[in-house]
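Since the structure is predicted, the reported quantities are computational estimates derived from the model, not experimental observations. Each chain gets a letter, A, B and so on, in the order its sequence line appears, and its residues count up from 1.
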Amino acid sequence: LEKEFLHIIDQHQGIIHKVCRIYRNTAEDKEDLFQEIIYQLWKAYPSFNSTAKITTWMYKVALYTAIAKFRNAGSKRVFEDFSEMEISDHTKAICESDEKERLYKAVNLLNPVEKAVVMLYLEGYTYLEMSAVLGISENYAGVMVNRVKQKIKKLLTF
Amino acid sequence: MELDDLKEQWHEQKPASRKSVAEIKSMIGKQSMRIFFKARAKVMIEAMMYLLLLLVFFTGLDAEDNSFWVNGLLFVGVGISIVNNFLLHGNLYANRKADDVKQSITKAVAHFKKQLRLQFYFTLIFFAAISVFFLLKVSYNHYKLILLGVFFISAVAIRTWIERSAWLNRIKQLESYLSDLQTLENDEKNTI
């Protein structure tokens, strides 16, 4: 079981790195989250249904771990700082970098649930697959994607 | 520039530090993790303090003169407090089913609320055991009884307040994420 698990993680560890990149800001926090996701995946692995898509299962566990663990001191501070910033501060932070970096910074300003939507969308998940990961209906996965897109657009126009 | 423009770059990105199989294997064990080490250290310190308290009561406060049930109650009070601490911290983020994010958050919130309730009952038992220990040891008058009552109520209130303030923030945050997901679902039902 362990060998099989290690092989799967080795193959798909990019998913965990991406979750860490979106949800954490410092290298230390990213490392902590990475370790924690691995641990949670290992604990959840026996209940994994082998007929399901492995990446979907990994996203479920990784996103939950990142969201539920959001309140560690460092990440919390950064997130709260952003949420308390005025629009002019957002603008200043975003304008200083190139277009794609600006987009990433805008994503960083989203709340944890919206970040999950962005990740799955960028990963190319269908609304049906998103609904399976997040636990919402397929239609509303689409609505969420549109809302998040609009929010990012708004953030970038300031 | 829109979100779709990130798609290509998103798929192309490589992890800054790819982990080896050996590194991943070491992460499977809780022992190697800083965050679990901190939680375990806290639980261990609390357990030591409880045991120290027990030691003081049993060796320094003439516990041998007490009835068996009084000492037993104190022992049980301390024991369940230690066990509850271990359970509370040991299961912090455990999600052993392949649930979706919403289900996992719902379960986590229910788990934390249940633990908080249990913590309250265990606190009651713990301080009741201490109060009974003293109650049966000293000849009490009306004034001393009131004093003991005040001690019992304030000790339970303070301990409960500390636990609640620590855990309620966490519960509130998880509930806000849950409401993000649920509100959207409700909106959809209303639209239909």
Query raised in the report: Which atom pair, heavy atoms only, marks the closest approach of Tyr177(B) to Ile67(A)?
Result: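 In this case the closest contact between Tyr177(B) and Ile67(A) is CD1-CG2, 3.2 Å.
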Report task. Please report the shortest heavy-atom distance between Lys19(B) and Asp10(A), naming the atom on each side. Result ->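 Residues Lys19(B) and Asp10(A), closest heavy atoms: O-OD1, 4.0 Å.
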Query raised in the report: Taking atom CG of Leu41(A) and atom CD1 of Ile24(B), what is their separation to the nearest 0.5 Å?
Result: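 Taking CG in Leu41(A) and CD1 in Ile24(B), the distance rounds to 10.5 Å.
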Query raised in the report: In this structure, are over 12 heavy atoms from other groups packed under 6.0 Å from Phe75(B) atom CZ?
Result: no
Query raised in the report: Can you name the residues that form a salt bridge (charged side-chain N to carboxylate O under 4.0 Å, His left out) with Lys30(A), not counting sequence neighbours?
Result: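 Per chain and number, Lys30(A) pairs via salt bridge (charged side-chain N to carboxylate O under 4.0 Å, His left out) with no residue.
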Query raised in the report: Under the salt bridge (charged side-chain N to carboxylate O under 4.0 Å, His left out) test, which residues partner Glu2(A), sequence neighbours left out?
Result: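 By the salt bridge (charged side-chain N to carboxylate O under 4.0 Å, His left out) rule, Glu2(A) matches Lys25(B).
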Are [Y] and [X] connected into the same hydrophobic cluster when the rule is that any two of I, L, V, M, F, W, Y join if their side-chain heavy atoms are below 4.5 Å apart?
X         : Y         : value
Val156(B) : Leu147(B) : no
Phe151(B) : Val132(B) : yes
Leu168(B) : Val109(B) : yes
Leu124(B) : Ile162(B) : no

Query raised in the report: Pick one: which of Ile136(A), Leu63(A), Thr65(A), Val61(A) meets side-chain contact (heavy atoms from CB on, under 4.5 Å) with Val101(B)?
Result: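 Testing each of Ile136(A), Leu63(A), Thr65(A), Val61(A) against Val101(B), the sole residue satisfying side-chain contact (heavy atoms from CB on, under 4.5 Å) is Leu63(A).
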Toward chain B, the part of [X] with a non-hydrogen atom under 4.5 Å:
X         : value
Leu33(A)  : neither
Leu134(A) : both
Phe5(A)   : side chain

Report task. Check whether any side-chain heavy atom of Gln35(A) lies under 4.5 Å from a side-chain heavy atom of Glu23(B), and answer yes or no. Result -> no
**Report entry** Among Lys149(A), Glu114(A), His7(A), residue most engaged with chain B (heavy-atom pairs, under 4.5 Å)
**Finding:**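 Answer, by heavy-atom pair count under 4.5 Å with chain B: Lys149(A).
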Query raised in the report: Which atoms of Ile105(B) come close to chain A, meaning under 4.5 Å heavy atom to heavy atom: side chain ones, backbone ones, both, or neither?
Result: both
